[in-house]
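Below: one structure, written as structure tokens.
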Amino acid sequence: MTDVQKEEKERLVIRLSRPEDTQEIDALRKVSYFETADWAEFKRTPDYISVANDSPEDQVLVAFLPSGKLAATVRLGIAKTQAELIDQLGAVVHVNDDQLPIMTAGRACAVPGGGYYKALRLAFLEVAHAMRFNGHPIVAQMGVNAANNPVPRSVVRLGYEVFPVDEGDFIFSGPHVANRIHRDRFMQAIFLLRAEQQAGKTPEWDWEGPLPFKQYLNWVRQ
């Protein structure tokens with residue numbers, strides 16, 4: 001077993017980002033969007049996806065390997081209104097008031113080949129399941145991707161629905177899709193991702209430090 005293979009089997013540390021992580025997050029985003037994403041044409045400049053352009057209300061999660069190398073990151077938001085949903089997704093998606101609040105995910109990227117983003121998805125779905133905003137549970141979790149991105153097709157098995165979105169401030173050129181999972185399917189996705197962990201297909205992980213959106217959490221890891 002190589003050192004890399006050994007490291008992939010060790011537990012990730014998942015936590016909220018810190019100011020000192022900014023350079024590494026920006027670097028991983030740039031590589032993922034400009035060099036790895038050969039399935040779409042990027043139509044923005046690199047600074048568009050930098051941490052400096054994230055909203056102050058966003059929470060950025062990071063997953064680190066035991067070596068200290070950044071393995072995956074995602075920007076999370078809580079959309080409490082239609083306007084916030086459009087702003088966070090960068091796409092026009094119409095929902096009713098009873099379909100809010102929604103947890104949004106964006107700027108997602110990972111070092112390829114280790115299942116690192118699957119581990120991060122499990123983490124933020126567990127957070128979404130435990131979250132209450134003014135007593136109301138998170139109704140769904142959503143993201144938007146270029147239609148050629150393999151991620152939307154891969155998450156259908158978890159219970160996500162994928163549908164086209166035609167209007168928005170898109171990062172990539174060409175068609176885009178939204179991927180959405182409703183609350184009644186959160187646990188299905190969580191159990192499937194945990195089963196992959198137990199089978200050694202994706203890394204296990206531990207939280208370090210404060211939880212995201214802790215003011216809204218009733219945290220019970222089932």
Side-chain angles (χ1 to χ4, degrees), residues 8 12 14 25-44 48-49 54 58-63 70-77 79 85-86 88-93 102-129 138 140-183 185-186 188-197 199 201-203 205 212:
E8 287 177 354
L12 299 174
I14 295 179
I25 294 170
D26 283 348
L28 182 56
R29 287 180 178 180
K30 184 177 179 181
V31 168
S32 296
Y33 283 78
F34 281 88
E35 299 178 21
T36 308
D38 54 2
W39 31 259
E41 180 182 351
F42 199 84
K43 67 175 186 178
R44 300 287 184 179
Y48 186 82
I49 58 171
D54 292 348
D58 293 335
Q59 305 259 312
V60 177
L61 295 189
V62 287
L70 180 65
T73 181
V74 65
R75 185 189 73 183
L76 301 179
L85 182 65
I86 292 172
Q88 291 175 25
L89 291 177
V92 178
V93 178
I102 290 174
M103 175 184 281
T104 61
R107 304 293 191 269
C109 53
V111 174
Y116 304 125
Y117 192 71
K118 289 181 180 180
L120 204 54
R121 184 183 297 278
L122 172 57
F124 68 69
L125 283 176
E126 290 193 355
V127 171
H129 184 261
I138 293 294
Q141 187 273 308
M142 289 189 70
V144 169
N145 301 92
N148 289 335
N149 187 326
V151 169
R153 295 187 296 274
S154 72
V155 296
V156 171
R157 66 183 179 83
L158 299 176
Y160 282 79
E161 59 177 327
V162 177
F163 55 93
V165 287
D166 300 317
E167 299 177 71
D169 186 24
F170 298 135
I171 295 176
F172 294 100
S173 301
H176 280 66
V177 295
N179 53 86
R180 175 172 59 196
I181 184 169
H182 291 280
R183 181 175 185 81
R185 294 187 176 182
F186 282 178
Q188 168 187 321
I190 288 169
F191 287 146
L192 285 171
L193 289 168
R194 286 181 183 170
E196 291 189 359
Q197 277 188 331
K201 296 179 180 179
T202 58
W205 47 266

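Because the structure is a prediction, the values reported are computed rather than measured.
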Can you list the steps and then say if Ile171 with Arg107 is a side-chain contact (heavy atoms from CB on, under 4.5 Å)? CA-CA 10 Å; Ile171 295 176; Arg107 304 293 191 269; 3.2 Å; yes

By the definition side-chain hydrogen bond (donor to acceptor under 3.5 Å, both in side chains), identify the one residue from Gln88, Arg75, Arg180 that meets it with Thr104. Gln88

What are the two closest non-hydrogen atoms of Pro212 and Gln59, and how far apart are they? CA-OE1, 3.4 Å

Between CD1 on residue Ile181 and CD1 on residue Ile190, distance to nearest 0.5 Å: 8.0 Å

So which heavy atom on Val165 is nearest to which on Phe170, and how close? O-CZ, 3.8 Å

Ile14 to Ala63 - nearest heavy-atom pair and separation: CG1-CB, 3.8 Å

For the side chain to side chain contact (heavy atoms under 4.5 Å, CB included) test, which of Val162, Leu158, Val144 pairs with Asn179? Val162

side-chain contact (heavy atoms from CB on, under 4.5 Å) between Leu89 and Ile102: does it pass, once the steps are laid out? CA-CA 11 Å; Leu89 291 177; Ile102 290 174; over 6 Å; no

Set out, in order, the CA-CA distance, both residues' side-chain angles and the distance that settles salt bridge (charged side-chain N to carboxylate O under 4.0 Å, His left out) for Arg185 and Glu161, then state yes or no. CA-CA 11 Å; Arg185 294 187 176 182; Glu161 59 177 327; over 6 Å; no

Interatomic spacing from CZ in Phe34 to CZ in Phe42 - rounded to 0.5 Å: 4.0 Å

When every non-hydrogen atom of Leu12 is compared with those of Ala71, the smallest separation belongs to CD2-CB, 4.4 Å

Taking Leu61's backbone N and O only, do any of them form a donor-acceptor pair with Thr73's side chain (distance below 3.5 Å, no angle check)? yes

Going by salt bridge (charged side-chain N to carboxylate O under 4.0 Å, His left out), name the residues that satisfy it together with Asp26, two or more places apart in sequence or in a different chain. none

Can Phe172 and Asn149 be said to form a side-chain contact (heavy atoms from CB on, under 4.5 Å), step by step? CA-CA 10 Å; Phe172 294 100; Asn149 187 326; 5.8 Å; no

What are the two closest heavy atoms between Ala119 and Pro203, and how far apart are they? CB-O, 3.7 Å

Which atom names give the shortest non-hydrogen contact between Cys109 and Tyr117, and what distance separates them? O-CD1, 4.3 Å

Which is it for Glu196 and Arg121 under the salt bridge (charged side-chain N to carboxylate O under 4.0 Å, His left out) test, yes or no, and what are the steps along the way? CA-CA 12 Å; Glu196 291 189 359; Arg121 184 183 297 278; over 6 Å; no

Step by step, would you call Phe186 with Ile138 a side-chain contact (heavy atoms from CB on, under 4.5 Å)? CA-CA 10 Å; Phe186 282 178; Ile138 293 294; 4.3 Å; yes

Does the Arg29 side chain pair with the main chain of Ile49, one donor and one acceptor, at a distance under 3.5 Å? yes

Does any non-hydrogen side-chain atom of Lys118 lie less than 4.5 Å from one of Leu122? no

